[in-house]
Amino acid sequence: MLRATQHFSLSGTNLMPEAPRVRFAPSPTGYLHVGGARTALFNWLFAQHTGGAFVLRIEDTDKARSTDAHTKVILEGLTWLGVTWDEGPYFQGAENARHRADAERLLALGKGYRCFCTKEELEAQRNSGDGSTDSFKYDRRCLRLPAEEIARRVSQGRSSVIRFRMPDAEIAWEDSVHGRISFQGTDLDDLVILRSDGTPIYNMAVVSDDIAMRITHVIRGDDHISNTPKQIALYRALGAPLPQFAHVPMILGSDGKKLSKRHGATAVGDYQDQGILPTAMRNFLALLGWSPGEDREILPVDEMVRLFSLEAIQKKSAVFDTAKLEWMNGQYLSAMPADEFLGPVERQLALMGVATGSRDIRPIIDAVKSRARTVLQIAERVAVRMDGSFAVLDAKGEALIKKMGPAYGANLAHAVAAVKNLSAPDWTAANLIAAITAMAEQNGLKLGDAMQPIRVALTGSTVSEPVNELLEVVGRDNAIRRIEEAVTSSSSH
């Protein structure tokens, strides 16, 4: 994995740049989750809309869990979605020297202090409270140490961390999504900002990085709201201007609980493997918590960019509806020419053991795509039309055969006799519908009673493209052979 060859610290000025600068900062401890992908997309749309810069920062400070493989998957997922970055990827782990320098500057300014408390002492403090770890606040005993005692302990090589002295005042901000949010500094703990080994805690590293990168807008999930007052206090203590915060509501599963693996696939790569198009996934994710107005659902990317605003992000959580995603994917599939997904369909057919040889399968793709919702469904339906062994009788097909009784086989026999008269060059949709219509009239059949048995014989289902088009793409010899086999099978029952 290539790492950044230069640090991302910009000029030393604390003035914010005129053009907005946003960042997406995933941790490479797992795959690209759909929630993270939605956050990245919102940042990208905002940067595109405002003419700003979208920066990619990999927060790899958790060395035990961060992997190059996860970083690679994150980058590939963003690229697949069409979310391109203007700068980066930068790696947070390369900036530890600056993180440490910022923490030590806060110590020198009297806004931080050394804490020598051991794990055992801190545990004793927790146990002496009400028993709730959530309400635990460090009692600041090390803040009260005289300067000479601190110096003595340091000279003895005593292990210590640096804590940030949380101000007692109210910490509030105007959130672009939620409006005014306020915390009381007296309710917040004096957080550790530098470990005893000289590595930074998350909030210190993030603020140091965002200042150095001159980030103007922090757009992220609202699970970070509890971190924001701590970060605002650090910005102010470091004398840096605050970015504009926009906390995006979480994505929930259909049961109203936080989206997780129990709801099915949650990694972007899983949907790519299932045949979801990147254009459809991008459109779907954009509408999870953001509304362009006028109940619009199918949005080209240039329209998303033109209409996007932080103010239009909704406060309530969005529900990840897989059926809606598949419907949207189907809309994109229907509108796309077969050439654009010929490769993925052919790869899937190869995995299914279907050899296309020199045959041009684009006409088959065009015939089935309007009723398919994923590339996988297209491949499955192409396979059915090329190879009868993939045609599985479904419940509706069984019901039709049972309802028609002996007429099912008899009507198929009439149909195959009618279409057999057509030569291969004449095997066209127009000629096929004419032949079947004439056969129905001659035998006093309703057209549906002539058509549906053919559909079931060739696909196993009562739903497909128009039967004459189905016959055309299946091909003359293949179709005749399969219908005759269905006639024989029906007579043996």
- request: Taking atom types as modelled, find out whether Asp270 and Tyr31 have a side-chain donor-acceptor pair closer than 3.5 angstrom.
  value: no
field: Distance in Å, Met213 CE paired with Ser208 OG, rounded so as to fall on 0.5 Å steps
entry: 11.0 Å
message: Rounded to the nearest 0.5 Å, what separates atom CE in Met352 from atom CZ in Phe390?
response: 5.0 Å
- prompt: If you round to the nearest 0.5 Å, how far is CD of Gln442 from OG1 of Thr437?
  reply: 11.0 Å
- request: Measure from the side-chain N and O atoms of Arg371 to the backbone N and O of Ser464, and report whether any donor-acceptor pair falls under 3.5 Å.
  value: yes
task: Check Leu188 against Pro229 and note the closest heavy-atom contact, atom names and distance.
output: CD1-CB, 3.9 Å
- prompt: Do the side chain of Asn283 and the main chain of Leu299 share a donor and acceptor less than 3.5 angstrom apart?
  reply: yes
- prompt: Can you check whether Arg57's main-chain N or O pairs, donor with acceptor, with Trp85's side chain at less than 3.5 Å?
  reply: no
- prompt: Does a side-chain N-to-carboxylate-O contact under 4.0 Å join Glu76 and Lys72?
  reply: yes
field: Mutual orientation of the aromatic rings belonging to Trp290 and Phe308 [parallel < 30°, tilted 30-60°, perpendicular > 60°]
entry: tilted
- request: Mind checking the CG-CE spacing from Leu191 to Met204? Nearest 0.5 Å is all I need.
  value: 9.0 Å
- prompt: How are the rings of Phe320 and Phe284 set to each other: parallel, tilted or perpendicular (split at 30° and 60°)?
  reply: perpendicular
query: Quick one: CD on Glu465 to CZ on Arg455, what's the gap to the nearest 0.5 Å?
result: 8.0 Å
message: Show the nearest heavy-atom pair for residues Pro20 and Thr216, with the distance to one decimal.
response: CA-OG1, 3.2 Å
task: May I have the step-by-step check of side-chain hydrogen bond (donor to acceptor under 3.5 Å, both in side chains) for Arg21 and His217, ending in yes or no?
output: CA-CA 6 Å; Arg21 291 176 60 82; His217 295 73; over 6 Å; no
field: Arg362 CZ: over 12 foreign heavy atoms closer than 6.0 Å
entry: no
Contacts of type salt bridge (charged side-chain N to carboxylate O under 4.0 Å, His left out), residue Arg38, not counting sequence neighbours: none
message: Walk me through whether Arg306 and Glu303 qualify under salt bridge (Lys or Arg N to Asp or Glu O under 4.0 Å).
response: CA-CA 5 Å; Arg306 183 178 68 82; Glu303 281 290 278; 3.0 Å; yes
- prompt: In terms of side-chain geometry, is the basic nitrogen of Lys420 or Glu484 positioned less than 4.0 Å from the acidic oxygen of its partner?
  reply: yes
field: Donor-acceptor contact below 3.5 Å, side chain His247 vs main chain Gly221
entry: no
query: What do you reckon, are the aromatic ring centroids of Phe54 and Phe46 less than 6.0 Å apart?
result: no
task: Can you measure from CG (Leu412) to CE (Met404) and round to the nearest 0.5 angstrom?
output: 8.0 Å
message: Within the 3.5 Å criterion, strictly below it, is a donor on Arg220 or Thr228 matched to an acceptor on the partner's side chain?
response: yes
message: To check you understand the geometry: which heavy-atom pair defines the closest contact between Asn411 and Met439, and what is its length?
response: O-CE, 4.5 Å
- prompt: Are Gln244 and Ser176 linked by a side-chain donor-acceptor pair shorter than 3.5 Å?
  reply: yes
query: Is the backbone of Leu277 close enough, under 3.5 Å, to the side chain of Asn329 for a donor and an acceptor to pair up by distance?
result: yes
